[in-house]
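What follows is a short report on a single structure.
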Amino acid sequence: MRTPYWFPQSFFSRTLWLVLIVVLFSKALTLVYLMMNEDVLVDRQYSHGAALTLRAYWAASEEERHDLAKAAGLKRVTRDAVPASEQHWPYSEIFQRQMQAELGPGTEVRLRAQSPPALWVHAPELGPDWVRIPLYPHPLRGQRIWSVLGWFLGIGLLSTAAAWIFVRQLNAPLKRLVFAARQVGQGRSVRLPVSDTPSEMAEVYRAFNQMAEDVERGARERELMLAGVSHDLRTPLTRLRLSLELMCNDSELTEDMVRDIEDMDAILDQFLAFIRDGRDERVEELDLGELVREVVAPYNQKDEQVRLCLEPLPPFPLRRVSIKRLLANLIENALRYGGNGVEVAAFLAGDNAAPYVVLSVLDRGQGIDPSELQDIFNPFIRGDRARGGKGTGLGLAIVKRIAAQHGGSVELRNRSGGGLEARVCLPLGLLLPRDAV
């Protein structure tokens, strides 16, 4: 949805606009509150009038006091006849301070807004007795703390809601950018909408879209180039192999050359497998145990070269061809370097909250130097110093990439007694737990 033209287009203007609305709204609520609760203003006037009446009463002569008390409704009472004061927060304290400011710090005040409403004042600086002054219920309506707290709570909740909307407006474009970056990292084609974002983020979105387009173009050109190289090389290799098979002069030399050609062919296959890593392959609910049996079956046609230790596993989302390629690469490495003692194990690990599947390929070869275990997953890196052999160094890089596409991880471990374990952990849920080992 496109942002309306009248809506602020930048973060600065949106921030200023939202802050202005919150401030004005808060001021409006304060004004409404004061209009509905004008007791403080009225109390100020009433306390001043009561103080003037008391000053006039105590300043008059004894004869005049009778007439003044009758006219103003005043009555002198003893301390014992003065009832306990009612508490009306915060007005009782405010009224007490106002009367003390008017009549002296020693002034005592007791007031009742209910049955009957009246005010009792003892001002030692003016006279010795308590004086009862009529009190009309309007200035003090029995205001309670809960009413005031209710207004404060309402204003706080509305201000919090406005702040939440404000923060959401700021964070939404950033969250969208983070999500899109992760999608690009997983090989998906993503473009961010520029029309409905603030002007500052629109420039960031344009730069991101340009970067994503450049990355996709580079990947397409790389794939096209390697596919062309593979196609152009396979034709002369096939022709060369045919010519060698027709030669009968030296059969041993011919067989060696044919094997070299097959190795070159396999190297080309690995390059293509590394580039075309199966990201576009459809995800299916598959039984990993069945996939393992399909991959291992060709190796055990004559003799059992690979032993299976599979536990029952629930079906979960997998890419069929990619997982079979991952397993085949690990088994080929194990057979090449570990001889006949190769095992493939699969079992369920983790707890009910975060279960995951462990797929292990184990051999009894020479193992790998611990200092090389981390770097061996990088492309074109081989553990030749420890285990020897040929290859491009792409097999384990392909394994790591396929495991990452499924949200999992892969790790190599040297086994006690010699040999190596390649352990792949695949989550059954959305994420692999941190303690997956």
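The basis for the numbers below is simple: all heavy atoms, side chains too, and nothing from hydrogens, waters or symmetry mates.
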Requested in this report: Show your reasoning for whether side-chain contact (heavy atoms from CB on, under 4.5 Å) applies to M99 and H48.
Outcome: CA-CA 8 Å; M99 293 298 290; H48 183 64; over 6 Å; no
**Report entry** Residue F347 excluded, over 12 heavy atoms near CZ under 6.0 Å
**Finding:** yes
Report task. Indicate the atoms forming the closest heavy-atom contact of L103 with A51, along with that distance. Result -> CD2-CB, 3.7 Å
Query - Non-neighbouring partners of E311 that pass salt bridge (Lys or Arg N to Asp or Glu O under 4.0 Å), sequence neighbours left out - result: none
**Report entry** For the student: nearest non-hydrogen atoms of A50 and I133, plus distance
**Finding:** CB-CD1, 4.1 Å
Query raised in the report: So, does R110 use its side chain to make a donor-acceptor pair with the main chain of V82 at under 3.5 Å?
Result: yes
Query - Test side-chain contact (heavy atoms from CB on, under 4.5 Å) applied to R413 and L420, step by step - result: CA-CA 6 Å; R413 300 177 173 184; L420 191 72; 5.8 Å; no
Query raised in the report: Do the non-hydrogen side-chain atoms of V109 and W120 ever get within less than 4.5 Å of each other?
Result: no
Query raised in the report: Are E290 and R320 ion-paired here, with the side-chain N under 4.0 Å from a carboxylate O?
Result: no
Query - Residues R293, L310; criterion side-chain contact (heavy atoms from CB on, under 4.5 Å); working and verdict - result: CA-CA 9 Å; R293 293 184 183 92; L310 305 178; 4.0 Å; yes
Query raised in the report: What are the two closest heavy atoms between T107 and Q100, and how far apart are they?
Result: O-NE2, 3.3 Å
Query - Which atom of Y205 lies closest to which atom of P193, heavy atoms considered - result: CD2-O, 3.1 Å
Requested in this report: Taking D303 for its side chain and Q305 for its backbone only, find out whether a donor-acceptor pair lies under 3.5 Å.
Outcome: no
Query raised in the report: Is the closest side-chain heavy-atom distance between L327 and L291 below 4.5 Å?
Result: no
Query raised in the report: Nearest heavy-atom pair of R364 and R415: which atoms, and what distance?
Result: NH2-NH2, 3.1 Å
Report task. May I ask you to test the I398-R325 pair for a side-chain heavy-atom distance under 4.5 Å? Result -> yes
Requested in this report: Please confirm whether the backbone N or O of V410 pairs with a side-chain atom of R423, one donor and one acceptor, at under 3.5 Å?
Outcome: no
Query raised in the report: Between N209 and E213, do the side chains contain an N or O donor and an N or O acceptor separated by less than 3.5 Å?
Result: no
Report task. Step by step, work out the side-chain contact (heavy atoms from CB on, under 4.5 Å) result for V342 and R307. Result -> CA-CA 6 Å; V342 177; R307 190 165 66 91; over 6 Å; no
Query raised in the report: In Å and rounded to the nearest 0.5 Å, what is the CD to CG distance from E421 to L330?
Result: 11.0 Å
**Report entry** side chain to side chain contact (heavy atoms under 4.5 Å, CB included) partner of L313, the single match among V292, V357, L428, L286
**Finding:** V357
Query raised in the report: Does a side-chain heavy-atom distance below 4.5 Å link F316 with L288?
Result: yes
Requested in this report: I would like to know whether R191 and E216 meet salt bridge (Lys or Arg N to Asp or Glu O under 4.0 Å); could you show each step before the answer?
Outcome: CA-CA 12 Å; R191 296 295 183 273; E216 291 177 12; 3.3 Å; yes
Query raised in the report: Taking D363 for the side chain and Y337 for the main chain, is one N or O donor matched with an acceptor at less than 3.5 Å?
Result: no
Query raised in the report: Which value, rounded to the nearest 0.5 Å, describes the distance between M211 atom CE and F208 atom CZ?
Result: 4.5 Å
Query raised in the report: How far apart are the closest heavy atoms of I402 and S322, and which atoms are they?
Result: CD1-O, 3.3 Å
Requested in this report: Evaluate the side-chain proximity of L396 to N329: yes if any heavy-atom separation is below 4.5 Å, no if none is.
Outcome: no
**Report entry** Counterpart residues, salt bridge (Lys or Arg N to Asp or Glu O under 4.0 Å), relative to E203 (two or more places apart)
**Finding:** R206
Query - Salt bridge flag under 4.0 Å for residues E411 and K400 - result: no
Query raised in the report: Of all residues at least two apart in sequence or in a different chain, which pass the ring-ring contact (aromatic ring centres under 6.0 Å, His included) check with H406?
Result: none
Query raised in the report: Just one of L326, V361, I323 clears the side chain to side chain contact (heavy atoms under 4.5 Å, CB included) bar with V424, so which one?
Result: L326
